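One structure, as structure tokens, below. Some questions next.
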There are 2 protein chains.
Amino acid sequence: MTKTLERREKLRSDLIQAAERMIAERGLAGLKTRDLAREIGCANGAVYNLVADVDELVLRVGSRTLRRLDDALSTAETGEPSPRETLVRIAIAYCDFAAENLQLWRALFEHRMETDKALPDWSVDDQLQLFRHIYKPLAALLPKRGAEELGITARSLFSAVHGMVALGLEQRLVAVPLPALRKEIAGLVRAMIDGLITREQAASPD
Amino acid sequence: MTKTLERREKLRSDLIQAAERMIAERGLAGLKTRDLAREIGCANGAVYNLVADVDELVLRVGSRTLRRLDDALSTAETGEPSPRETLVRIAIAYCDFAAENLQLWRALFEHRMETDKALPDWSVDDQLQLFRHIYKPLAALLPKRGAEELGITARSLFSAVHGMVALGLEQRLVAVPLPALRKEIAGLVRAMIDGLITREQAASPD
DNA sequence: ATATTTATTGAACTATGTTCAAGTTCTCGC
DNA sequence: GCGAGAACTTGAACATAGTTCAATAAATAT
């Protein structure tokens, strides 16, 4: 009885790993059900016994990528006493992760579900976890801010770094060499933090 | 003799406009050659007499979008004496443009050419123009920096704002209401600028 | 007016996600 | 054990798309 269940689970796991490998090697657009089926040794149609459609598959791969990214950021935030430098390290870690997992990281943002098909909950949850890395060090630096406001600022800071990484790693424009990009990010993160602190202490001079 | 040439040019122009409308309404993935052909009144295959392939079509639409974006940013930078507030206004203008032209703006970044097919020059040129809006006000604020360094910082600042807009307008995560997003962007841009100025005046305390 | 060049057509080709009727394998009551 | 019924797997077939190209039509030159 459990025999086919086990087999299914094994196959499903193989499928997701194969999809991950394929995206990493050929990009999101290079993911093909027939190639996947061949790799895991089943019929093309059998893929749809394991996942509902390719959207789900991409989301499952994304979930794994987000978990690894989360781990990378967790590592970056340990053992650094200064909250300011912790934030810098997290930003650099984000940049490094994106560079080392370029296609998988891009897939997180490139993928679009067909209109109005909602994301499953388990996928949404993953994503919201990312901001939490920034929250604690930021709270230490901006003691006057409330939880709500801090959450928003954390999100903004994350987004700003994301933008620098996204455009910095884009091949189309002048590609920035990675060391230069890391330096730029560190500089702008420090500037943002300093600016936020200054503006918190002063009465927000617009 | 010029008869068919004229007709072709007219058709090509119609095609690009139809593609623009289609992307704006249905997103980049909703662009279909057969629908385009029907709209401009020619055979499906005739599309390939007007452009080499859909890649070129998307790029041509992108070129128009970039031009309109450029205009919007130009408008934002006029008539504001303070360079700092000029930068804030440019950032807000970028945000507003993205919100008002969401699908077309997204298409600029979502589109990926098939591997190793290079962008045509006319397309690359367009994109580099965007940073130039930021350059002048930034130069006024950071007089000690050289041209090279300023260019990099301008790019970083642009990228950071881009990231805030990109993630802020993303439906998947908690969508930020537009007014809140504008406020956030204004706040973080001011913080970045203040931080950059502070760090330029001090001896860059890392 | 006719021949030659050029442009346009739409059917056909390829690739790809998805479905489903038919075949196969497995399970469970006897 | 074994056979009926449930569950699973298959791969051919379908729908949709981008792209090509031989055949047709139009335009131009002689």
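Below, chains carry the letters A, B, ... as their sequence lines are ordered, and counting in each starts from 1. Just so it is clear, the model here is predicted, and its values are computed rather than measured.
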> Could you give the CG-to-C1' distance, from A:Leu11 to D:dT10, as a whole number of Å?
Replying inline: 13 Å
> In whole angstrom, what separates B:Ile40's CD1 from C:dT8's C1'?
Replying inline: 12 Å
> Rounded to the Å, how far apart are A:Lys10 NZ and D:dT9 P?
Replying inline: 14 Å
>> Any base atoms under 4.0 Å from A:Leu57, or only sugar-phosphate, or nothing? Heavy atoms, all strands.
In response: nothing
>> Pair A:Glu184, B:Arg155 - check salt bridge (Lys or Arg N to Asp or Glu O under 4.0 Å), show working.
In response: CA-CA 10 Å; A:Glu184 266 304 296; B:Arg155 187 196 160 111; over 6 Å; no
>> For C:dG17 and A:Thr33 - does any side-chain N or O of the residue sit under 4.0 Å from the phosphate oxygens OP1/OP2?
In response: yes
>> Under 4.0 Å from OP1 or OP2 of C:dG10: is there any side-chain N or O of B:Arg34 that close?
In response: no
> Which atom names give the shortest non-hydrogen contact between B:Ala98 and B:Trp105, and what distance separates them?
Replying inline: CB-CD2, 3.5 Å
>> At 4.0 Å (heavy atoms only), tell me whether A:Leu31 reaches a base, stays on the sugar-phosphate, or touches nothing.
In response: sugar-phosphate
> Taking atom P of D:dT20 as reference, at what distance in whole Å does atom CG of B:Asp53 sit?
Replying inline: 8 Å
> How long is the line joining CZ of B:Arg38 and C1' of D:dG18, in whole Å?
Replying inline: 15 Å
>> Measuring from the side chain of B:Lys32 (C-beta onward, heavy atoms only), which nucleotide among D:dG18, C:dT16, D:dG11 has the closest atom?
In response: D:dG18
>> Taking the side chain as everything from C-beta on, heavy atoms only, tell me whether A:Tyr48 gets closer than 4.5 Å to A:Thr33.
In response: yes
>> I want to verify a distance call: between C:dT9, D:dT10, C:dT19, whose nearest atom is closest to the A:Tyr48 side chain?
In response: C:dT19
> What integer distance in Å separates B:Arg8:CZ from C:dT6:C1'?
Replying inline: 10 Å
> Going by distance alone, is a donor N or O of one side chain under 3.5 Å from an acceptor N or O of the other, for B:Arg68 and B:Asn101?
Replying inline: yes
> What closest approach, in Å, do B:Arg26 and B:Asp35 show between heavy atoms, and which atom pair accounts for it?
Replying inline: NH2-OD2, 2.8 Å
> Toward the 5' end of DNA chain C, which comes first, A:Asn44 or B:Asn49, by nearest nucleotide?
Replying inline: B:Asn49
>> Expressed as a whole number of angstroms, how long is the span from A:Asp55:CG to C:dT16:P?
In response: 17 Å
>> Using whole Å, what does the distance between atom P of nucleotide C:dT16 and atom CG of A:Asp35 come to?
In response: 7 Å
